[in-house]
Protein chains: 2
Amino acid sequence: MSNDFARSGEWSRAELLARVVTESQRHYAEYSVFNQAMADHVGLHPTDMQCVALLDLEPGPVSTGDIARLTGLTSGSATRLVDRLVKAGIVERRADPHDRRRSLVTLAPSARTRIAQAWETPGQAFGAVLASYSDAELSVIADYLHRTAEVGRAQARRLASGETGA
Amino acid sequence: MSNDFARSGEWSRAELLARVVTESQRHYAEYSVFNQAMADHVGLHPTDMQCVALLDLEPGPVSTGDIARLTGLTSGSATRLVDRLVKAGIVERRADPHDRRRSLVTLAPSARTRIAQAWETPGQAFGAVLASYSDAELSVIADYLHRTAEVGRAQARRLASGETGA
DNA sequence: CACATTTACTGCGCTACGCAGATAAATCTG
DNA sequence: CAGATTTATCTGCGTAGCGCAGTAAATGTG
C-alpha cells in the first residue's frame with residue numbers, strides 16, 4: 001500500500017462510504033475538465049471524443065443507431081456527429097451489406113494512431129498511479145468501475161423511461 | 001469479495017492493468033449517459049448539473065471565476081451559466097463584501113433538497129455496490145479516485161498550457 | 001403483395017459556448 | 001493621494017451542437 005488514504009483503520013465505515021462518494025464527485029468533475037482539454041487538443045468536441053473512444057473500444061464496426069444509444073443522443077444528432085467525424089477524416093461510413101438501412105461506422109487507422117499519440121503522456125501519468133497498486137487492489141478497482149458502470153446504465157434507463165410518465 | 005472479477009490470480013499483471021483501462025473507458029461512457037439522464041430529469045443541462053454538484057460539494061460560497069476554473073468554461077460562459085441557475089432559482093448570487101468585483105454563488109436550500117431527492121434511488125443503487133466492499137477495499141477505491149483525479153487535473157493543465165504554444 | 005416497423009437522414013429553431021471588448025473594483029507605483 | 005495596472009465579471013456577437021418532427025428507403029409480417 002502506497003499512501004495516506006490506505007490506513008483504513010483510522011476511519012469508520014460510514015466515513016469511508018462518505019469519502020468514496022465525495023471523492024467520486026470530485027473525480028468526475030476533474031474528469032470532465034480533462035476530457036474537454038483532450039478534446040480541444042485533438043481538435044474535436046467532447047461528444048465527438050466520446051464517440052471516438054467508443055469506436056476505439058469496439059473491435060468491429062458500430063451502427064449510427066448504436067452510437068446514438070451509447071452516447072444518449074437522438075438519431076438525428078448521431079447522424080450529424082458521424083457527419084462531422086467523416087468530414088474530419090476520423091471515421092469511415094459505409095452501408096451494412098446485410099441491412100442497407102443501417103450505416104456502419106469504423107475508426108480510420110490514422111485516427112487510431114492520432115488518439116494513441118494524444119494519450120501517450122496522460123497514459124503514462126495514469127499508468128504510474130495504477131502501477132502503485134497490487135494485483136488484488138487493481139482487481140478491486142476494475143470490479144468497482146465495472147459494477148458502478150452497470151448501475152449507472154440501469155439508472156439512466158430508469159430515468160429515461162420514467163421521463164415521459166412523470 | 002463478492003464477484004468474479006476478484007479472482008486476481010487468474011490474470012497476469014499486464015492483463016489486469018489493461019482491464020482497468022478498458023473498464024474505466026466504459027465507466028466514463030456510462031457515466032456520461034447517466035449524468036445526462038439525471039440532468040434531463042431535474043430539467044437542467046449537464047453543465048449546469050456539474051456546477052450544482054460542485055456547489056453541493058463546497059460548504060461555503062464559490063465565486064463565478066472559481067466555477068469557470070472548476071468547469072473549464074470561459075468567464076463569460078460561467079457568467080451565463082450562473083445566470084441560468086439564478087433564473088431557475090437554483091442558486092443565489094451576491095457581491096463579495098470583501099471584494100466587490102467578485103460575485104459569490106451559493107446553492108439555494110430548495111435546490112439542495114431537490115438534488116437530494118433526485119439522488120435517492122440512484123444513491124441507493126450505487127450504495128448497494130459500495131456496501132459489498134470491505135473497509136480496506138473502500139479505502140483503495142477512494143484512493144484510486146482521488147489520485148486519478150489529481151492526475152487528470154494536472155494533465156488538463158498541461159494540455160491547456162501547451163495548447164497555445166503548439 | 002399490402003402494411004407496419006425499423007434505420008437513417010434533413011429542415012428548423014433553440015441555446016450553450018468561445019471570443020473580444022467593456023466596465024468596475026481593487027491593487028500597485030511614484 | 002493621483003494615475004496606471006491588474007483582476008473579476010459582465011455583455012454583444014457569431015458559431016455550432018442538439019432535440020424535434022417529418023421523410024425516405026429497407027426490412028419484416030400476415
Side-chain angles (χ1 to χ4, degrees), chain A residues 32-33 35-37 39-52 61-88 90-106 156 159-160 163-164, chain B residues 32-33 35-52 54 61-88 90-106 156 159-160 163-164:
Chain A
S32 297
V33 175
N35 195 47
Q36 210 164 21
D40 288 348
H41 188 249
V42 196
L44 295 175
H45 290 262
T47 308
D48 303 28
M49 198 69 185
Q50 184 189 347
C51 178
V52 170
V62 173
S63 77
T64 301
D66 290 336
I67 290 172
R69 274 182 293 277
L70 292 169
T71 56
L73 295 173
T74 61
S75 80
S77 298
T79 296
R80 296 267 148 77
L81 166 57
V82 176
D83 286 347
R84 290 196 300 272
L85 292 176
V86 168
K87 190 174 180 183
I90 309 273
V91 304
E92 288 158 8
R93 169 164 49 186
R94 65 178 191 283
D96 184 339
H98 299 295
D99 183 345
R100 292 214 304 272
R101 290 170 304 179
R102 292 168 31 113
S103 71
L104 298 178
V105 179
T106 56
L159 289 167
E163 215 76 8
T164 52
Chain B
S32 297
V33 175
N35 195 46
Q36 210 165 21
M38 279 289 279
D40 288 348
H41 187 248
V42 290
L44 295 176
H45 290 265
T47 308
D48 302 26
M49 197 68 186
Q50 185 189 345
C51 177
V52 169
L54 288 173
V62 174
S63 76
T64 302
D66 291 335
I67 292 173
R69 274 182 293 277
L70 293 169
T71 55
L73 295 173
T74 61
S75 77
S77 298
T79 296
R80 296 268 149 76
L81 166 57
V82 175
D83 286 347
R84 289 195 300 272
L85 292 176
V86 167
K87 190 175 178 183
I90 308 273
V91 303
E92 289 158 9
R93 169 164 48 187
R94 65 177 190 286
D96 185 339
H98 299 295
D99 184 344
R100 292 216 303 273
R101 289 171 304 180
R102 295 172 20 121
S103 71
L104 297 178
V105 180
T106 54
L159 289 168
E163 215 77 8
T164 52

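Below, read A as the first sequence line, B as the second, and so on, with proteins coming before strands; counting in each chain starts at 1. Computed from a prediction, not measured in an experiment: that's the story for all the values here.
Checked by atom type, the side-chain pair Ser63(B)/Asp66(B) shows a donor-acceptor distance below 3.5 Å. Between the side chains of Thr79(A) and Thr64(A), no donor-acceptor pair of N or O atoms lies under 3.5 Å.
Proximity note for His45(B) (side chain, C-beta onward) versus dT6(D), dT10(C), dT15(C): the nearest is dT15(C). Looking at the side chain of Ser103(A), the nearest of the listed nucleotides dA8(C), dT9(D), dG11(C) is dA8(C). When each of dG18(C), dA25(C), dA8(C) is scored by its nearest atom to the side-chain atoms of Thr64(A), the top-ranked nucleotide is dA8(C). Side chain of Arg101(B), nearest nucleotide from dC13(D), dA24(C), dC10(D): dA24(C). Listed nucleotides: dG19(D), dA25(C), dC13(D). Nearest to the side chain of Arg80(B): dC13(D).
The separation between Leu73(B) atom CG and dA16(C) atom P is 12 Å, rounded to whole Å. Taking atom CG on Asp40(A) and atom P on dT15(D), their separation rounds to 19 Å, with Å as the unit. With rounding to whole Å, Arg100(A) atom CZ is found 23 Å from dT5(C) atom P. Across the protein-nucleic acid pair, Arg102(A) atom CZ and dA24(D) atom C1' stand 18 Å apart, rounded to whole Å. Between the NE2 atom of His98(B) and the P atom of dT27(C) there is a distance of 12 Å, given to the nearest Å. Spacing between atom CG of Leu81(A) and atom C1' of dC18(D) amounts to 11 Å, rounded to whole angstrom units. Atom-to-atom, CD of Gln50(B) to P of dA16(C) comes out at 15 Å; the value is rounded to the nearest Å. dG17(D) atom P lies 7 Å from atom CG of Asp48(A), rounded to whole Å.
Contact detail for Ala156(B) and Val33(A): the closest heavy-atom pair is CB-CG1, 4.0 Å.
Both Asp96(A) and Gly72(A) lie close to DNA chain D; mapped to their nearest nucleotides by heavy-atom distance, the more 5′-ward contact belongs to Gly72(A). The nearest heavy atom of DNA chain C to Gln36(A) and to Asp66(A) marks one nucleotide each, and the one closer to the 5' end goes with Asp66(A).
For the OP1/OP2 pair of dG17(D) and a distance below 4.0 Å, the side-chain nitrogens and oxygens of Arg84(A) include at least one atom meeting the criterion. Between dC10(D) and Arg93(B), a contact under 4.0 Å exists linking OP1 or OP2 to a side-chain N or O. Contact annotation: Ser75(B) side-chain N/O to dC10(D) OP1/OP2 distance is not under 4.0 Å. Contact annotation: Thr47(B) side-chain N/O to dC17(C) OP1/OP2 distance is under 4.0 Å. Within the structure, every side-chain polar atom (N or O) of Ser77(B) is placed at least 4.0 Å from both OP1 and OP2 of dC17(C). Within the 4.0 Å cut-off from OP1 or OP2 of dA8(C), not a single side-chain nitrogen or oxygen of Arg94(A) is found.
At the heavy-atom level, Arg69(A) lies nowhere under 4.0 Å from the strands shown. Using a 4.0 Å heavy-atom distance criterion, Gly76(B) is classed as a base contact. Using a 4.0 Å heavy-atom distance criterion, Thr79(B) is classed as a base contact.
A rotation axis mapping the C1' atoms of four pairs onto the next four is fitted at both ends of the helix from dC1(C)-dG30(D) to dG30(C)-dC1(D) over five pairs, and the angle between these axes is 30° to 10 degrees.
Between the CD1 atom in Ile67(B) and the CD atom in Gln50(B) there is a gap of 10.5 Å [rounded to 0.5 Å]. The CG atom of Leu104(A) sits 6.0 Å away from atom CZ of Arg94(A), with the distance rounded to the nearest 0.5 Å. Here Lys87(A) contributes atom NZ and Leu85(A) contributes atom CG; the two are 12.0 Å apart, rounded to the nearest 0.5 Å. A distance of 6.0 Å separates NE2 in His45(A) from CZ in Arg84(A), rounded to the nearest 0.5 Å.
Of the charged side-chain nitrogens involved, at least one lies within less than 4.0 Å of a carboxylate oxygen, so that Arg93(A) and Asp83(A) count as a salt-bridged pair.
Residues Met49(A) and Asn35(A) form a side-chain contact, since some pair of their non-hydrogen atoms from C-beta on lies under 4.5 Å apart.
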